[in-house]
Protein chains: 2
Amino acid sequence: MGVSLRDVAQLAGVSVKTVSNVVNGYAHVSAATRTKVEQALSQLGYQPNLSARNLRLGRTGVIALALPELDAPYFAELSRSIIKVAAEHRWLVIIEQTDGSLAREREVLDGVRDHRVDGLIFSPIAIGADELAARTDDTSLVLLGERIYDGPADHVAIDNVRAARDITEHLIGLGRRRVAALGVQDSSVSGTAPLRLAGYREAMAAHGLPESTAEVERYHRAEGASAMARLLRSPSPPDAVFCFNDLLALGAMRTVLAVGLRVPEDIALAGLDDIEDGRYSTPTLTTVAPDKAQLARMAVDLLKLRIDGRSDRPPREVRADYRLMVRESTVGRAPTGERPS
Amino acid sequence: MGVSLRDVAQLAGVSVKTVSNVVNGYAHVSAATRTKVEQALSQLGYQPNLSARNLRLGRTGVIALALPELDAPYFAELSRSIIKVAAEHRWLVIIEQTDGSLAREREVLDGVRDHRVDGLIFSPIAIGADELAARTDDTSLVLLGERIYDGPADHVAIDNVRAARDITEHLIGLGRRRVAALGVQDSSVSGTAPLRLAGYREAMAAHGLPESTAEVERYHRAEGASAMARLLRSPSPPDAVFCFNDLLALGAMRTVLAVGLRVPEDIALAGLDDIEDGRYSTPTLTTVAPDKAQLARMAVDLLKLRIDGRSDRPPREVRADYRLMVRESTVGRAPTGERPS
DNA sequence: CCACCTGTTTACAACGTTGGAACAACGTTG
DNA sequence: CAACGTTGTTCCAACGTTGTAAACAGGTGG
C-alpha cells in the first residue's frame, strides 16, 4: 500500500494526529514541529488515502452525472462543462450512461446509495415523474430537464416551450407556411419532447397554420434522416422543419441534400442544442443555443447547496438562458447577426 | 447516515460478521440464519458502504479515464465504449479532462495516488514519454496511443503509420497528385501526429510525389477550416487533403465548400477517426475507422490484468484494427463499398 | 508556590467493513 | 466415551483517517 500518516508520524517522531493536523492546516502547530513534519511528509511522498478520509467524514468528493449517452454531442459538451465546474469545488465526476433505458435509470438512481458519491446530476428520459417523486433516498439530486410534477429534486433547464415557439416563429417569419415539427415522441416518455411540441403548436396556432409532425424514437442523426424522408413523401411536403434537436436536424439535412433539394431555398431547417457540428455543416445550422456553461454551473451549484446545506429546503427550478442562432440553413449565405433571446 | 451492518445485525439478532457473510455470499451460513438475515437486510434496505469496504479491501471499484476533452467526438465515442466495457467488470469511470495541458496531465497522473481509483486509462498529449517512463507510482496505468519510448505502462492503439499510408494511397489511387497533409504538429508534442505524418510521407515518397503540409495547434474544426484556407492560398493548392482527424477534415470541408469549390471534384478530402458527423455530412466523409469498441475493450482488459495480476509483467503494446471507409468526399456520389483493412 | 490560563501535543474512539482466529455445537469414529 | 472433524457463528483486529477530550508544557498573576 501507500504511505500512511503512521509512517510519516514515525519518521517525524510525532503522533499521528499531529501529522494529520499539519496536513489539514490546523492552526495550533508550532513552527518547529510543522517543518519537521512537512519534511517527513515530502520525504515519504505522502498522499492522503481518500477512501479512509471519506469513511471518516462521510464525504467522497465525487459526484455522479447520469445521462442517456455520452456520444450525443449535446451531452458531451454539457458533460465537459459540468466536469469543469465540478472541479472548481474539487469534485470528481463519475459518468453513468443509461441509454434511456428504464432499468438503467432505476439502477443509477438506486446505486447512488452506496456512499460512493455525494450527489447526482441526472438527465432522465424513461423514468416517470411520479417514480422520481416517490424516491425515498436522501442523497442530493439535481435533475436536468424541466419539472413535470412536483418532486423532491432541484431542476435545471431552459424554457423549452418558449424556445420552441421562438424558433418556429423564426421559420414562419421567413414566409414559410408548411412548417413541420420533427422529433415528436410518444408522450408516455417524460421529457422535453412534449414541451417543444407545445411551443411549436403555440406558434403555428398563432398564425393559423396547419400542423405537421414526424415522430422519432431517439434523437439521433439516423432517425432525423428517416423521419425527413417520410415528410418528403407526404402529400404536402414541408417548406421548413423545426427539428427538436440538432442531431435530428443534421440527419434531416443529409436527406434533403441527398435527394437534390436545396437548404434553405426548398426547405429551411432549424434545430435546437447548438452542437458544434451545426456550426460547420454546409449549410450551417440555425438553432437554439442553450447556455450550456450556465446550465452546468447551475446544476453543480444547486447540487453543492443541497450537499452542504440542509436538504429540507423546497426544491428549486432554475432556468438557463438561450439564444437564437440564425445561420444558413434558414436564411442562406450572407448570414444575419445573431440576436439574443 | 445510511443503514449499516450493525443495524441489520441488531434486527436479525446475529453478529455483524454473519450479516457480512450473508451479504458476500459466504458458503457456510445455515439456511435459517440466512433467511433471517436476508429479511432484515431487505426490511432495512441495506446498501453496503463502499467507502468502508474500499478502505478494508484497498480497492475502490472505480477507474479514471483521462483525456484531452470530452466534447471531441472521437473521445466522446471512445469514452462511451470504455464506460460500457468497464461496467462489465463492475467498474465505475471517473472522467478527467486535461485540455492537453502539461500541468493538468501531471496533476492527473499524480492524483491517481490518492487511492480513489484502482487504475487509470490515459490519453496523453503534452507529457513527454520520458516523464511517463520515469513515473514511480505503481498504480495501474494503460495508455491510449502508440508507445514512443520504453515505459512501465501498457499501450493500446491502431497502427497510425500504416493507417495514414493506406488513406494517402487511396487518395493517390484516385489520380490525385497534389496531396496535402493537414494536421502536422510541432514534434515536441508527443503523440500521433508525427506517426500519421510518417505514413503520409511513405506513401508520397513511394509514388515520387511532392509533399505539402499544413500545421495546426489543436485538432478542432476551426483549425481545420483555417489551415485549409492557408492551403488554398498557396501557389499550388492541393487536389486532395489527408486530414489527421475527422474534425480537421470537417472544418476543411466547410472552407472548401464555402469558397465555392466542389468536394471531391476539385478537392478530395479524407479524415481519420470515423466520428459519426462524417457519416452525415454532405458530402459524407471518407475516413479511417479505428475499431473503437475493440480499443475500449483492450484498454479495459489490459487494465484489469494489471490491477488483478502482478504488476511485474513487462508492459505490452496491443494494436486495434481499423478499416478504410470510402465515402463521397473522395469518390463522389454512388459510394463504393467499404473495404476492410 | 499554587491556581489558572494559553498553546501545543497526544491518546482514544469511531466511521463500516472484512479476514482470521477462536469458539460452540454437533455428529462421527475408534 | 473420549477424541476428532465439520459446520456455523462470534470476537477481535485492522484498513487510514479525524473529532473529542485529555494531557502536557510554559507562562502569568495572585
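Because the structure is predicted, anything quoted here is derived from the model rather than measured. So you know, we letter chains A, B, ... as the sequences are listed, proteins then strands, and number each from 1.
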Q: Would you classify Leu50(B) as touching base, sugar-phosphate or nothing, given that sugar-phosphate means primed atoms plus P, OP1 and OP2, and contacts are heavy atoms under 4.0 Å?
A: nothing
**Q.** Most 5' of Val14(B) and Arg56(B) on DNA chain D, judged by nearest nucleotide
**A.** Val14(B)
Q | Nucleotide forming a Watson-Crick or wobble pair with dT18(C), both distances under 3.5 Å | A | dA13(D)
(Q) Closer than 4.0 angstrom, basic N to acidic O: yes or no for Arg297(B) and Glu88(B)? (A) yes
Q) Are His89(A) and Asp301(A) close enough that a side-chain donor and a side-chain acceptor fall under 3.5 Å? A) yes
Q) With both distances kept under 3.5 Å, what pairs with dA11(C), Watson-Crick or G-U wobble? A) dT20(D)
Q: To the nearest Å, give me how far apart CZ (Arg113(A)) and C1' (dG16(C)) are.
A: 16 Å
Q) Which base, if any, makes a Watson-Crick or G-U wobble pair with dG30(D), both distances under 3.5 Å? A) dC1(C)
Q. Which residue lies toward the 5' end of DNA chain D, Tyr26(B) or Leu57(B), if each is placed at its nearest nucleotide?
A. Tyr26(B)
(Q) Nearest whole Å is fine: how far is dT8(C) P from Lys17(A) NZ? (A) 15 Å
Q.
Distance check needed: dT18(C) C1' versus His28(B) NE2, whole Å only.
A. 17 Å
Q: Using a cut-off of strictly less than 4.0 Å, decide whether Ser4(A) has a side-chain nitrogen or oxygen near OP1 or OP2 of dC15(D).
A: no
Q | Side-chain N,O (Ser15(A)) to OP1/OP2 (dT9(C)) below 4.0 Å | A | no
Q) Leu55(A) CG to dA14(C) C1': how many Å, rounded? A) 9 Å
**Q.** Ion pair Arg319(B)/Asp291(B), N-O distance below 4.0 Å
**A.** no
Q: Figure out the CZ/P separation between Arg59(B) and dG19(C), and round it to whole Å.
A: 12 Å
**Q.** Lys/Arg N to Asp/Glu carboxylate O, Glu77(A) vs Arg80(A), below 4.0 Å
**A.** no
**Q.** Under-4.0 Å salt bridge between Arg218(B) and Asp99(B)
**A.** no
Q: Rounded off to whole Å, could you give me the CG-to-P distance for the Asn24(A) and dT20(D) pair?
A: 14 Å
(Q) Counting the atoms with a prime plus P, OP1 and OP2 as sugar-phosphate, which does Thr33(B) contact under 4.0 Å by heavy atoms, base, sugar-phosphate, or nothing? (A) sugar-phosphate
**Q.** dT10(D) OP1/OP2 closer than 4.0 Å to side-chain N/O of Thr18(B)
**A.** yes
Q: Remember a base hit wins even if backbone is also touched, and classify Ser30(A) as base, sugar-phosphate or nothing at under 4.0 Å, heavy atoms.
A: sugar-phosphate
Q) Expressed in angstrom and rounded to an integer, what is the separation of Leu5(A) atom CG from dT10(C) atom C1'? A) 14 Å
Q | His115(A) NE2 - dT17(C) P separation (whole Å) | A | 8 Å
